[in-house]
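Counting starts at 1 for both ligands and their atoms, following the listed order. Every value quoted in this text rests on a predicted model; they were computed, and no experiment measured them.
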Amino acid sequence: MTAPKKLYVKTYGCQMNVYDSERMTEALAGQGYVATDSADDADMILLNTCHIREKAAEKVYSELGRYKDLKAEKPDLRIGVAGCVAQAEGEEIMRRQPMVDLVVGPQSYHRLPELEARARSGSKALDTDFPEDDKFAALKGRGPKARRGPTAFLTVQEGCDKFCAFCVVPYTRGAEVSRPVAQVLDEAQELVARGVREITLLGQNVNAYHGAGPGGEWTLAQLIRELATIDGLARIRFTTSHPNDMDDDLIAAHGDCDKLMPYLHLPVQAGSDRILKRMNRKHTAESYLRLIERLRAARPDLHLSGDFIVGFPEETEADFQATLDLVEAVGYGSAFSFKYSTRPGTPAAERAQVPEDVKTERLQRLQALLTRQQRALQDAMVGREVDVLFEKPGRMPGQMVGKSDYLHAVHVTDTAIAPGDLRRVRITESGPNSLGGTLA
Ligand code: SAH
Ligand code: SF4
Ligand code: F3S
């Protein structure tokens with residue numbers, strides 16, 4: 001028997017890339033690869049990349065630059081680029097960095113074993129098709145049946161048809177596609193059998209899910225209700241959602257499905273209707289606020305999270321103020337905010353740009369407000385009892401860390417707790433990034 005080859009995967013970008021990296025690692029296990037966390041002893045390095053902002057894409061090239069010497073020392077080392085930069089730039093990557101052997105897009109990574117074999121034989125291997133074959137059917141099950149951690153991602157939907165004027169995702173991930181219900185349920189069962197207690201359903205527009213199921217196409221709410229019947233699965237989450245795809249049943253599920261957690265990531269991007277229109281978001285600030293009201297009517301303790309872009313082309317101080325007003329009106333439990341980054345090929349790239357120093361200043365103001373809100377909601381947990389799913393040991397001896405229903409990190413020092421335990425915790429303190437407590 002030959003010794004296993006070592007695979008080093010580095011993941012950038014969103015949770016969907018985290019999921020894809022797991023699946024690619026599983027696919028290459030069939031080619032005799034085992035995962036390593038050091039690039040230095042790898043036989044294959046695979047960068048799973050993100051193209052969302054300029055900095056994200058540039059990181060890939062600087063990382064590849066670091067592997068030049070390694071490749072010179074080890075001619076058998078193979079270097080691959082996967083993910084959204086691979087999709088966006090294709091062959092260009094090999095032109096800029098000739099040491100790259102393999103480029104594979106997010107829709108064709110089920111063909112990785114073939115591509116690896118081609119790269120191994122000394123040829124260049126490129127696949128950035130949007131093939132007709134079902135990637136997930138080709139990937140089959142989730143590989144070795146070993147126990148795994150208590151939380152897992154499960155991609156149920158991919159791609160985006162929304163074409164927000166700033167965003168590359170519709171070009172890198174292609175059109176919206178939903179996985180069939182049976183395939184999702186099988187994968188969830190498999191994960192639960194391996195020790196998973198919390199599943200986060202993933203999609204670039206996960207609430208646009210419309211997978212083929214018994215009786216016709218199912219919605220995300222139907223899928224969630226079915227998943228909730230799986231014994232041993234304690235928690236369900238989903239991300240990322242678009243406000244326009246939040247249907248009545250999904251809103252209702254937040255109130256009547258116990259396993260669906262009271263936390264929702266619902267990006268709005270901006271608070272000015274003028275800017276929302278230019279962004280092609282197809283909703284207004286008012287319609288978003290009304291939607292939040294309905295969600296809170298269904299689940300009063302719902303924690304909301306959002307994404308924001310500041311300095312979108314033509315954004316004025318008054319437009320930006322409208323974003324601050326919207327944030328004030330909602331009160332976010334957590335949020336991600338970014339300076340607008342020009343992406344070649346997207347409509348907004350051609351428009352009048354906001355100066356960099358203005359973007360920087362607006363981002364600081366927005367982040368100060370969001371941090372204040374986040375901190376206030378976190379501090380308000382002190383004195384309350386919450387359920388915590390423990391995941392792993394903390395930094396202090398005897399400490400375990402996990403997540404509350406609201407996705408707050410919680411640490412408890414108690415040797416009676418094991419990973420995978422779901423326990424009631426009384427919160428006693430609120431630190432910069434986490435809560436502390438004792439078993440209730
Ligand atoms: N599908 C999700 C997430 C898309 S990418 C959604 O629709 O919400 C994650 C976030 O990156 C976006 O919500 C947006 O806030 C940000 N983003 C996307 N393109 C960007 C750009 N060109 N510049 C800055 N931020 C961007
Ligand atoms: Fe990008 Fe908009 Fe699609 Fe989200 S909805 S992935 S921001 S185009
Ligand atoms: Fe990035 Fe692609 Fe995700 S561009 S955010 S890795 S969908």
Quick check on contacts: which atoms of ligand 3 are under 4.0 angstrom from a heavy atom of Asn17?
6 (S)
Starting from atom 20 (C) of ligand 1, which protein heavy atom do you reach first, and at what distance in Å?
Phe166 CD1, 3.7 Å
For Gly159, does its backbone N or O pair with a side-chain atom of Gln204 as donor and acceptor, under 3.5 Å?
yes
4.0 Å heavy-atom contact, Val169 with ligand 1:
no
Pull out every atom of ligand 1 sitting under 4.0 Å from any heavy atom of Thr240, numbered as shown with elements.
2 (C), 6 (C), 8 (O)
Contact check: Cys50 to atom 1 (Fe) of ligand 3, N/O/S below 2.8 Å
yes
Atoms of ligand 1 under 4.0 Å from any heavy atom of Arg53, numbered from 1 in the order shown, are 11 (O), 16 (C), 17 (N), 23 (N), 24 (C), 25 (N), 26 (C)
Cys84 near atom 3 (Fe) of ligand 3: N/O/S under 2.8 Å
no
Does the protein put any heavy atom within less than 4.0 Å of atom 4 (C) of ligand 1?
no
Would the number of heavy atoms belonging to other residues, nucleotides or ligands and lying under 6.0 Å from CD of Glu54 be above 12?
no
With Arg278 as the cation and Phe312 as the aromatic partner, state whether NZ or CZ is under 6.0 Å from the six-membered ring centre and within 45° of the axis.
no
Is it the case that atom CD in Glu91 sees more than 12 heavy atoms from other parts of the structure closer than 6.0 Å?
no
I'd like to know if the side chain of Tyr171 pairs up with that of Thr346 as donor and acceptor (distance under 3.5 Å, no hydrogens or angles considered).
no
Numbered atoms of ligand 1 (with element) below 4.0 Å of Arg343, judged on heavy atoms:
22 (N)
Counting heavy atoms under 4.0 Å, the part of Thr240 that contacts ligand 2 is neither
Please determine, by modelled atom types, if Glu315 and Tyr340 share a side-chain donor-acceptor pair under 3.5 angstrom.
no
Here the atoms of ligand 2 under 4.0 Å from any heavy atom belonging to Phe163 are 8 (S)
With respect to Val330, which candidate in Val268, Leu266, Leu289 satisfies the side chain to side chain contact (heavy atoms under 4.5 Å, CB included) definition?
Leu289
Heavy-atom gap Gln204 to ligand 3 smaller than 4.0 Å:
yes
Specify whether an N/O/S atom of Cys167 falls short of 2.8 Å from atom 1 (Fe) of ligand 2.
yes
What atoms of ligand 1 come closer than 4.0 angstrom to any heavy atom of Lys339?
23 (N), 24 (C)
With Phe308, which of Tyr332, Phe338, Phe336 fulfils ring pair (Phe, Tyr, Trp, His ring centres under 6.0 Å)?
Tyr332
